[in-house]
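Comments concern the structure below.
Throughout, residue positions are numbered sequentially from 1 according to the sequence presented.
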Amino acid sequence: MHSSSFSSAPPDHRRFTMSSRRSRSRHSASSRITDEQMNELISKLQTLLPEARLHTNDRPVTNANAAKVLQEICSYIRSLHREVDNLSERLSELLETTDNNSAQAAIIRSLLM
């Protein structure tokens, strides 16, 4: 009887599988981001947060504070999207009250694009 486990496979099949795994491993290892690169990217993202500019944070990046920084970045991006939506809505309302041929209307239209 043949079991579906890896150990019951014929030796030639195991060699093929191991070889293809090594090949994939080499490819993925060359395209991986190192921990140092990840920490540097997290630190750069952290500088984009308005609160981070107010106080310097020289602590090394850990998984816990990296997760917190990423959560804060996502929250900040969502708030920026809401702000853009609100400003676009206000500009649209302003455009409705402006003469379509005026210079002011042209400026508002360019801002909405």
Side-chain angles (χ1 to χ4, degrees):
M1 288 199 128
H2 271 261
S3 156
S4 63
S5 73
F6 179 74
S7 61
S8 68
D12 289 344
H13 176 70
R14 280 196 306 257
R15 262 196 308 265
F16 174 75
T17 304
M18 297 289 282
S19 173
S20 60
R21 283 185 183 161
R22 267 188 244 125
S23 173
R24 281 191 306 249
S25 176
R26 262 181 273 150
H27 173 70
S28 63
S30 66
S31 62
R32 281 191 193 148
I33 296 176
T34 65
D35 287 347
E36 184 178 319
Q37 290 170 320
M38 183 67 77
N39 291 342
E40 185 179 328
L41 291 169
I42 296 290
S43 294
K44 286 180 181 180
L45 282 172
Q46 189 172 19
T47 64
L48 298 175
L49 292 169
E51 304 83 39
R53 293 181 186 164
L54 299 176
H55 53 79
T56 59
N57 190 355
D58 294 329
R59 294 180 312 192
V61 175
T62 65
N63 285 347
N65 67 9
K68 187 175 190 290
V69 168
L70 292 174
Q71 287 174 338
E72 289 176 7
I73 285 290
C74 290
S75 177
Y76 183 55
I77 290 171
R78 281 190 293 273
S79 74
L80 290 175
H81 278 284
R82 282 191 302 272
E83 190 173 342
V84 166
D85 289 343
N86 290 337
L87 290 171
S88 294
E89 188 176 321
R90 288 173 53 195
L91 283 171
S92 292
E93 290 169 359
L94 183 60
L95 185 60
E96 289 175 6
T97 64
T98 307
D99 178 19
N100 278 339
N101 297 324
S102 70
Q104 185 180 17
I107 293 170
I108 293 171
R109 279 192 295 277
S110 71
L111 290 171
L112 287 170
M113 296 186 137

### Query
Hey, is CD on Gln37 packed in by over 12 heavy atoms from elsewhere, all under 6.0 Å?
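More than 12 heavy atoms, drawn from other residues, nucleotides or ligands, come within 6.0 Å of this atom.
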### Task
Could you tell me whether Arg90 atom CZ has more than 12 heavy atoms of other residues or ligands within 6.0 Å of it?
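Not buried by this count: 12 neighbours or fewer within 6.0 Å.
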### Distance-only donor-acceptor check, side chains Glu40 and Ser43, under 3.5 Å
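Side chains of Glu40 and Ser43: no pair found under 3.5 Å.
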### Task
Evaluate the criterion side chain to side chain contact (heavy atoms under 4.5 Å, CB included) for residue pair Ile77 and Ile73; output intermediate values, then yes/no.
CA-CA 6 Å; Ile77 290 171; Ile73 285 290; 3.8 Å; yes
### Query
What is the distance from atom CD1 of Ile42 to atom OG1 of Thr47, rounded to the nearest 0.5 Å?
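Result: 11.5 Å between the selected atoms.
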### same_hphob_cluster(Leu87, Tyr76) at 4.5 Å side-chain heavy-atom cutoff
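In one cluster: no.
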### Task
Hydrophobic side-chain clustering at under 4.5 Å (ILVMFWY, transitive links): who's grouped with Leu112? Put none if nobody.
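Noted: Leu112 shares its cluster with Leu91, Leu94, Leu95, Ile107, Ile108, Leu111.
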### Message
I'd like to know if the side chain of Ser88 reaches the main chain of Val84, judged simply by a donor and an acceptor atom lying under 3.5 Å from each other, with no hydrogens or angles considered.
### Response
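It does hold such a pair.
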### Task
Could I get the full list of side-chain hydrogen bond (donor to acceptor under 3.5 Å, both in side chains) partners for Glu72, not counting sequence neighbours?
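side-chain hydrogen bond (donor to acceptor under 3.5 Å, both in side chains) list for Glu72, sorted by chain: Lys68.
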### Smallest separation among heavy atoms of Asn100 and Ala105, with atom names
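Answer, listing the atom of Asn100 first, then Ala105: O-CB, 3.7 Å.
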#### Entry: Any side-chain heavy-atom pair of Asp99 and Gln104 under 4.5 Å
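Contact flag for Asp99/Gln104 side chains = no.
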